[in-house]
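Notes for the one structure printed next.
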2 protein chains.
Amino acid sequence: MRDDRFCNSNCPFTRAIGTIGNKWKPIIINVIGTRSIRFGQIDAIVPHISRKVLTEQLKELEEDGLLERLAYKEIPPRVEYKLSEKGLAFLPILESIKEWNLKYEVALIPKETDYSYAG
Amino acid sequence: MRDDRFCNSNCPFTRAIGTIGNKWKPIIINVIGTRSIRFGQIDAIVPHISRKVLTEQLKELEEDGLLERLAYKEIPPRVEYKLSEKGLAFLPILESIKEWNLKYEVALIPKETDYSYAG
DNA sequence: TATTCTGGTTACTATTGGGTAACTACAAAT
DNA sequence: ATTTGTAGTTACCCAATAGTAACCAGAATA
């Protein structure tokens with residue numbers, strides 16, 4: 001899932017891309033944002049992601065220090081995820097990607113006017 | 001290569017990630033930077049990329065309006081790539097990713113002090 | 001005449017990613 | 001006694017991605 005050749009590169013930029021350069025991670029980070037959120041909520045909000053993949057991505061994000069995982073020893077289990085300082089520091093970058101896209105994306109006729117979740 | 005579910009999302013952020021959210025594209029955009037560069041040069045500079053994949057990525061970047069391809073009708077052929085306005089506008093985002101990584105990456109002992117290519 | 005040069009393309013194969021469904025623990029509610 | 005709820009994990013399988021090597025044009029060079 002993470003490409004070792006990227007993560008072990010001696011170019012720090014390449015390593016950064018190795019960490020966050022896939023399609024799910026920016027989406028997940030963006031969904032979490034500044035709040036604390038449970039596994040099931042992320043799963044419900046992010047379209048098309050399977051629990052298996054979500055688990056994997058969350059685990060990697062935690063390993064890479066982008067988010068913190070807080071498991072309450074209850075039954076049924078409850079787990080909350082929130083961004084670490086490093087993860088929070090990444091949010092402005094996602095904002096600038098949004099602005100960039102807004103400015104330069106070729107206009108297309110949207111099927112619905114529903115711009116939900118990532119507003 | 002591009003995920004249709006992402007590119008056809010009605011969330012503009014998701015679409016943006018569908019466009020540039022993979023490991024090769026940020027690297028390629030970063031390597032091109034503000035210069036005009038030939039196919040062979042990119043291939044030589046970017047580590048581990050195969051010509052096949054490079055071709056595919058460049059084609060998609062062109063389709064998405066991030067770069068311009070200028071083919072000289074010579075023999076042997078010469079093709080130059082350079083970023084479009086949209087592509088150039090993405091460079092500052094890559095810079096902020098570099099800064100973010102520099103600030104937050106967990107320190108690791110580099111095998112070599114060679115930080116070539118993406119400095 | 002053979003080789004080199006460039007920017008690819010193609011066919012074939014290996015690797016990986018990702019989807020699905022079943023399963024877990026255990027308590028509370030029905 | 002059975003269902004519900006949560007946050008996963010596991011096994012199995014298929015589709016997508018990426019790597020490799022061979023091949024192309026056609027002029028210039030040796």
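Note: hydrogens, waters and symmetry copies are ignored here, and every other heavy atom, side chains too, is used. Letters go in sequence order (proteins before strands), and every chain restarts at 1. Since the model is a prediction, treat every value here as computed from it, not as a measurement.
In this structure a side-chain-to-backbone donor-acceptor pair under 3.5 Å is missing from A:S9 to A:R15. With hydrogens and angles disregarded, no donor-acceptor distance shorter than 3.5 Å links the side chain of B:D4 to the backbone of B:C7.
Contacts of B:R78 with the nucleic acid, taken as non-hydrogen atoms under 4.0 Å apart, involve only primed sugar atoms and P, OP1 or OP2. Using a 4.0 Å heavy-atom criterion, one finds that B:Y81 contacts the sugar-phosphate atoms exclusively. Contacts of B:K59 with the nucleic acid, taken as non-hydrogen atoms under 4.0 Å apart, involve only primed sugar atoms and P, OP1 or OP2.
Picking from C:dG7, D:dA18, C:dT20 the nucleotide with the shortest atom distance to the side chain of B:V53 gives D:dA18. In the set D:dG8, C:dG8, D:dT6, C:dG8 carries the atom at the smallest distance from any side-chain atom of B:F39.
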**Request:** I would like to know whether B:W100 and A:F13 meet ring pair (Phe, Tyr, Trp, His ring centres under 6.0 Å); could you show each step before the answer?
**Result:** CA-CA 10 Å; B:W100 171 79; A:F13 177 63; over 10 Å; no
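Atom pair A:Q41:CD and D:dG5:P shows a separation of 16 Å (rounding to whole Å applied). Taking atom CZ on B:R69 and atom C1' on C:dT6, their separation rounds to 12 Å, with Å as the unit. In this structure, the CG atom of B:L70 is 14 Å from the C1' atom of C:dG7, given to the nearest Å. Here the P atom of nucleotide D:dG8 and the NZ atom of A:K52 are 16 Å apart, to the nearest Å. Remark: C1' of D:dT17 and CZ of B:R2 are 15 Å apart, rounded to the nearest angstrom. Separating the CG atom of B:D4 from the C1' atom of C:dG17 is a distance of 16 Å, rounded to the nearest angstrom. Spacing between atom OH of B:Y72 and atom C1' of C:dG7 amounts to 15 Å, rounded to whole angstrom units. Between B:K73 atom NZ and C:dG7 atom C1' the separation is 13 Å, expressed in whole Å.
With respect to B:Y81, the side-chain hydrogen bond (donor to acceptor under 3.5 Å, both in side chains) criterion is satisfied by exactly one of B:R69, B:E62, B:E68: B:R69.
Residue whose closest nucleotide on DNA chain D sits further toward the 5' end, between B:H48 and B:P77: B:H48. Residue-to-nucleotide proximity on DNA chain C shows that, of A:I75 and A:K23, the 5′-proximal contact is made by A:K23.
Put simply, B:R51 has no side-chain N or O that comes within less than 4.0 Å of OP1 or OP2 on D:dC23. Residue B:T55 has no polar side-chain atom (N or O) positioned under 4.0 Å from OP1 or OP2 of C:dG8. A sub-4.0 Å separation between OP1 or OP2 of D:dT17 and a side-chain N or O of B:W24 is absent. Phosphate proximity of D:dG19 to A:R5: present, with a side-chain N or O under 4.0 Å from OP1 or OP2. Phosphate contact (OP1/OP2 of C:dG8, side-chain N/O of B:R38, threshold under 4.0 Å): absent.
Summarising the geometry, atom CD1 belonging to A:I17 is positioned 9.0 Å from atom SG belonging to A:C11; distances are rounded to the nearest 0.5 Å.
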